[in-house]
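Step one of this worksheet: look at the structure below.
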Amino acid sequence: MSQPTPSEAPLPAGFTTRVALDAGADRADDLARALARLGFALRREAGRLVAESERVEAQDARRQLRALGFGDREYQVSLEHVLARGVR
């Protein structure tokens, strides 16, 4: 079996982890500070706080937030995979 040529080789996939929460929730400020300390970029969007990171995987984010005392019902986590096309 031959090795793929560089143009045939699979490209690395990236990801973005998003954590969303109600901006008016009791512990929203505490959760936002915790996410910022974990390296997430924060923004407000239609009454919600949205935190994004391309370095912290979704399950790691959940694990770290649980370790800090935040419950799963206080936020929603999503992971978006991005395939880098044409970038070498």
If you take all heavy atoms of [X] and [Y], which pair is closest and at what distance?
X: Ala32; Y: Leu42; value: O-CD1, 3.4 Å
X: Phe70; Y: Arg27; value: CD2-NH2, 3.1 Å
X: Gly24; Y: Asp22; value: N-OD1, 2.9 Å
X: Ala28; Y: Ala23; value: CB-O, 3.5 Å
X: Glu57; Y: Gln59; value: OE1-N, 2.7 Å

Is the number of heavy atoms from other residues, nucleotides or ligands under 6.0 Å of [X] [atom1] greater than 12?
X: Asp26; atom1: CG; value: no
X: Arg66; atom1: CZ; value: yes
X: Glu54; atom1: CD; value: no

*State the CD-CD distance between Glu52 and Glu80, to the nearest 0.5 angstrom.*
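It is 8.0 Å, given to the nearest 0.5 Å.
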_CD on Gln76 to CZ on Arg48, rounded to 0.5 Å_ =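 Output value for this atom pair is 4.5 Å.
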Shared ILVMFWY cluster between [X] and [Y], side chains joined below 4.5 angstrom?
X: Val50; Y: Leu79; result: no
X: Val19; Y: Phe15; result: no
X: Leu38; Y: Leu31; result: yes

Can you check whether [X] reaches [Y] side chain to side chain, under 4.5 Å on heavy atoms?
X: Leu21; Y: Glu74; result: no
X: Leu35; Y: Leu65; result: yes
X: Arg44; Y: Leu49; result: yes

*For Ala58, does its backbone N or O pair with a side-chain atom of Thr17 as donor and acceptor, under 3.5 Å?*
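Judged by distance alone, yes, a pair lies under 3.5 Å.
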